[in-house]
Amino acid sequence: MSQNRHLTTEEEEQLINAEFADLLRGYLASPHRKKVEIIERAFNFARMAHKGIRRRSGEPYILHPIAVAKIASQEIGLGSTSICAALLHDVVEDTDYTVEDIRQQFGRKIAELVNGLTKISGGIFGDKASAQAENFRKLLLTMSEDIRVVLIKMADRLHNMRTLSSMPPGKQYKIAGETLYIYAPLAHRLGLFSIKTELEDLSFKYEHPAVYDRIAEQIKASEAKRLAVYSDFSAPIKERLKGMGLDYEAKARVKSVYSIWRKMETKKIPFEEVYDLYAMRIIFNCDDPASEKRICWEIYSAITDIYRLHPERTRDWISTPKANGYQALHLTVMGPDGNWVEVQIRSRRMDEIAEKGFAAHWKYKIGNGEEESELTVWLRTIKDILEDPNPNAVDFLDTLKLNLFSAEIVVFTPKGELVTLPQHSTVLDLAYALHSELGNHCIAGKVNHKLVPISHQLQSGDQVEVLTSRTQKPNPEWIDFLATAKARTRLRSALRREQAPIIEKGKEILARFLDAGEVKETNEVITKIMRYFHISTREQLFYKLGSEEVTLDGYILKDSPKTSPGLLKKLFRIGTGRTSSAPATEESAPAKINPKEVFELELDGDSQNFVFSPCCHPIPGDDVMGFINDEGKVEIHDLTCPRAQVLKATFGPRIVATRWKKVDRPLPAVIAIDGVDRHGILQELTQLISNQLNIDIRSLHIDTDKEVFTCRLGVLVRDAATIKNLCLEIKKIKGVQRAVRTEAAPEANASSQNKNLQ
């Protein structure tokens with residue numbers, strides 16, 4: 001709201017009062033008890049505390065807590081205690097007031113919520129790896145004490161994302177990456193579907209603005225046609241439901257921009273081939289919860305009388321709700337235009353829970369309800385993750401994401417007990433879920449009475465018996481086929497007990513080595529040694545040193561006074577291709593980077609202060625970002641690269657906005673091609689690329705299976721537009737069904753010599 005810069009003081013006061021009045025209007029329309037007096041006191045307290053302070057956009061700061069309180073109240077459904085905490089959430093951090101002041105003015109519960117929010121302020125992640133893990137640990141611990149803390153934090157993040165345009169580009173990448181990596185899955189986990197969708201779309205909008213605008217425009221352009229198709233599809237269903245005497249609402253739910261893009265990327269298809277752009281949602285009113293299941297199946301029966309059912313795409317989340325409390329009956333049927341259409345059937349109660357998550361459970365809870373126990377189970381899982389005392393920050397977050405949210409399966413023990421696990425869980429995951437000792441001594445499993453190894457992946461509905469042996473011991477290799485955070489944590493804990501003496505020996509070896517070189521043991525030094533040996537965790541390094549799998553004899557301590565006195569580290573200026581020498585401390589390379597400026601990519605010779613990441617090989621025209629590595633160079637990643645997702649979420653201060661400027665040499669790219677094989681097709685392909693389009697071929701690998709061929713083609717190109725045009729031309733060759741850009745081959749390297757296969 002940058003226009004607020006030009007408002008007079010009186011106009012700003014009117015705006016603040018109007019926004020607060022809107023907050024109160026929404027609260028008074030809710031089913032919560034009407035505690036207006038304490039909300040007004042909290043507003044006046046926060047208004048006074050933040051007086052004279054402005055946001056980066058120029059608007060009065062108090063508008064932010066009002067907006068957060070409004071989201072918490074009207075979009076999540078929280079009551080007066082949470083509204084007060086939202087209004088006060090930045091007071092302790094940004095002013096001279098303390099948590100004790102809040103307690104005296106507003107009571108213990110509001111003070112506890114504000115204290116919990118203060119602990120995790122400024123985003124989940126700090127500047128250093130250990131601080132990142134610790135801050136996230138604080139969030140989870142606070143969440144396990146009072147779920148409202150994380151719900152208010154979610155409202156805070158949503159408003160920050162809605163106003164992200166006022167931030168510099170580097171900060172936008174950091175916040176958007178962090179949001180997509182942690183907050184959106186967390187919103188999904190808490191059942192906040194609409195907030196999760198908006199967080200994904202906003203993150204995507206700031207990371208890929210051009211693609212976002214293009215897809216949004218395509219959705220808008222196809223709206224009239226889509227509505228006509230939906231009208232034809234829904235008319236007979238509505239007629240049938242009306243005849244059944246149901247009180248219901250039917251609407252089309254359009255896929256979000258982000259989910260459409262994900263489908264296009266995953267399936268490698270254009271927008272026009274995303275056929276499930278919309279789903280039909282039927283929401284019926286029912287005063288008797290005991291009748292909901294019956295009515296859902298009656299609607300299901302009515303729809304399948306009209307349209308042909310897809311037998312493998314029915315999802316019954318009424319009998320077995322998702323762990324976040326989601327309940328609905330989904331079916332997919334063939335529409336009149338020949339495309340598959342998903343129909344979601346819910347009661348009004350189920351719909352509110354789907355949209356507002358656990359906050360809606362409180363409205364419907366009777367006694368100690370089923371939904372509350374589901375939340376308790378999940379929070380217990382969180383505490384299991386927190387038992388790991390020394391997590392590597394990135395490993396810690398990845399472990400957490402295993403449970404934040406993969407799809408779920410339900411399996412049964414021989415006694416008929418039901419166990420919910422993430423998809424891809426194995427027999428060993430189940431063993432650890434039941435008990436640590438079962439996991440540690442697991443040797444095999446019986447799935448549906450058939451003997452299987454511990455790495456066997458389970459399917460929903462399997463009956464599973466865990467087999468153990470007293471002589472079995474935990475094995476480090478087990479980590480590769482565990483899908484649950486609980487199992488990984490318990491395995492690591494068991495391995496630590498077994499490996500503790502060897503790890504201690506490794507620590508002593510490293511300490512002696514560093515002492516001999518007169519080098520202090522810092523995160524940066526340890527990280528360099530780990531990278532040298534291709535080791536990902538400290539414990540792994542200590543274990544390998546202690547067991548003499550690796551030795552430090554050949555490692556040179558570059559920062560040791562004994563090997564390179566007066567070493568000057570290279571720092572670079574953002575936006576130029578030049579470097580300058582300056583004395584530096586251990587953390588100076590990342591710390592000196594100015595995230596407000598934009599790094600420009602120039603390939604005009606051999607000297608450059610950036611490197612292309614081998615994991616994604618971006619080319620001009622791709623949306624890219626820079627990461628300041630430990631050598632003080634900018635590591636260039638495609639924004640969609642999985643490694644980039646982790647870097648944005650965990651190393652925010654090292655992220656710089658990056659743009660292409662001058663590239664005078666071609667870069668590698670790979671195209672995946674498949675189609676119907678015929679005589680001469682390879683010759684046509686190579687002639688098109690080399691002779692007609694004058695593009696250098698780097699590699700060509702073709703496999704055939706009967707009449708079908710698949711091809712992986714490596715080329716050198718100057719920009720993404722060339723690749724797009726090349727794919728269009730290749731698809732014109734008779735027999736070619738698909739030609740899409742895919743990940744670059746591992747051996748592809750921009751500095752390699754050009755090779756022609758002509």
Side-chain angles (χ1 to χ4, degrees), residues 193-194 196-205 207-243 246 248-284 299-300 302-315 328-346 351 354-355 640 721 724-725 727-729 731-732 736-741:
F193 180 78
S194 56
K196 170 235 180 193
T197 303
E198 187 175 353
L199 288 175
E200 287 176 339
D201 266 14
L202 287 169
S203 299
F204 181 57
K205 179 181 180 179
E207 291 193 342
H208 303 278
V211 181
Y212 178 92
D213 290 342
R214 186 176 73 244
I215 294 175
E217 192 57 44
Q218 287 173 308
I219 292 172
K220 187 177 178 182
S222 62
E223 184 177 14
K225 181 182 177 184
R226 193 172 60 247
L227 286 174
V229 172
Y230 172 75
S231 180
D232 289 344
F233 173 78
S234 62
I237 295 176
K238 289 178 179 177
E239 190 66 31
R240 182 69 63 91
L241 298 184
K242 185 179 177 183
L246 287 175
Y248 76 96
E249 172 191 3
K251 55 188 177 183
R253 183 187 66 82
V254 181
K255 266 185 180 292
S256 68
V257 173
Y258 176 74
S259 61
I260 290 171
W261 175 77
R262 280 292 300 269
K263 184 149 196 172
M264 290 166 63
E265 285 292 299
T266 305
K267 303 278 189 183
K268 300 294 182 186
I269 56 174
F271 177 87
E272 293 72 26
E273 291 180 24
V274 181
Y275 293 117
D276 58 340
L277 275 177
Y278 73 91
M280 182 181 186
R281 182 173 293 164
I282 297 168
I283 304 161
F284 61 89
I299 295 172
Y300 171 95
I303 294 170
T304 52
D305 283 347
I306 301 168
Y307 294 118
R308 181 158 63 88
L309 177 72
H310 192 305
E312 295 175 5
R313 285 168 67 178
T314 297
R315 301 288 181 265
L329 181 59
H330 291 196
L331 66 152
T332 301
V333 294
M334 177 73 76
D337 62 344
N339 289 316
W340 294 106
V341 181
E342 183 181 72
V343 183
Q344 302 169 354
I345 306 168
R346 307 173 178 173
D351 186 62
E355 295 302 312
T640 60
K724 187 175 180 181
N725 180 62
C727 289
L728 290 172
E729 292 299 321
K731 282 196 279 191
K732 292 178 183 177
V736 173
Q737 299 292 315
R738 186 181 71 113
V740 295
R741 182 181 170 194

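The chain is numbered in sequence order, starting from 1. Bear in mind the structure is a predicted one, so any value in this text is a computation, not a measurement.
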So, taking the atom named CD1 in I282 and the one named CD in E249, what distance separates them when rounded to the nearest 0.5 Å? 11.0 Å
Between side-chain atoms of residues 333-340 and protein atoms elsewhere (two or more places apart, or another chain), which donor-acceptor pairs fall under 3.5 Å?
residue : atom : partner : partner atom : Å
D337    : OD1  : N339    : N            : 3.2
D337    : OD2  : N339    : ND2          : 3.2

Is the number of heavy atoms from other residues, nucleotides or ligands under 6.0 Å of R308 CZ greater than 12? no
In terms of relative ring orientation, are Y278 and F233 parallel, tilted or perpendicular, with 30° and 60° separating the classes? perpendicular
If you measure from CD1 on I269 to CD1 on I260, what distance do you get to the nearest 0.5 Å? 10.5 Å
Where is the tightest heavy-atom contact between V740 and R738, given as atom of each residue plus distance? CG2-NH1, 3.3 Å
Closest contact, heavy atoms only, A739 versus C727: O-CB, 3.4 Å
Should the heavy atoms of other residues, nucleotides or ligands under 6.0 Å from NZ of K724 be counted, would the total exceed 12? no
Is a side-chain donor or acceptor of Y300 paired with a backbone partner of I345 at a separation under 3.5 angstrom? no
Could you tabulate the donor-acceptor pairs under 3.5 Å formed by side-chain atoms of residues 211-225, not counting sequence neighbours?
residue : atom : partner : partner atom : Å
S222    : OG   : Q218    : O            : 3.0
S222    : OG   : I219    : O            : 3.1
S222    : OG   : R226    : NH1          : 3.1

Under 3.5 Å, side chain of T197 to main-chain N/O of F193, donor-acceptor pair present? yes
Please walk me through it: do R313 and E342 pass side-chain contact (heavy atoms from CB on, under 4.5 Å)? CA-CA 9 Å; R313 285 168 67 178; E342 183 181 72; 5.7 Å; no
Measure the spacing between CD of E207 and CG of L202 and express it to the nearest 0.5 Å. 11.5 Å
OH on Y230 to NZ on K251, rounded to 0.5 Å: 9.5 Å
Which value, rounded to the nearest 0.5 Å, describes the distance between I299 atom CD1 and L246 atom CG? 5.0 Å
Please report the C-alpha distance between H208 and T640 in whole Å, then the side-chain angles of each, then the deciding distance to 0.1 Å, and finally whether the side-chain contact (heavy atoms from CB on, under 4.5 Å) criterion is met. CA-CA 9 Å; H208 303 278; T640 60; 3.5 Å; yes
Does a salt bridge link E239 with K242, judged by any charged N lying under 4.0 Å from a carboxylate O? no
Can you list the steps and then say if M280 with I303 is a side-chain contact (heavy atoms from CB on, under 4.5 Å)? CA-CA 11 Å; M280 182 181 186; I303 294 170; over 6 Å; no
Heavy-atom pair of closest approach, residues Y307 and P236: OH-CG, 3.2 Å
Pairwise salt bridge (charged side-chain N to carboxylate O under 4.0 Å, His left out) hits with a residue in residues 254-271, at least two apart: K255-D276, K263-D276
What distance do R315 atom CZ and Q344 atom CD have between them, rounded to the nearest 0.5 Å? 12.5 Å
Looking only at non-hydrogen atoms, find the nearest pair between M264 and V274 and report the distance. CG-CG2, 3.7 Å
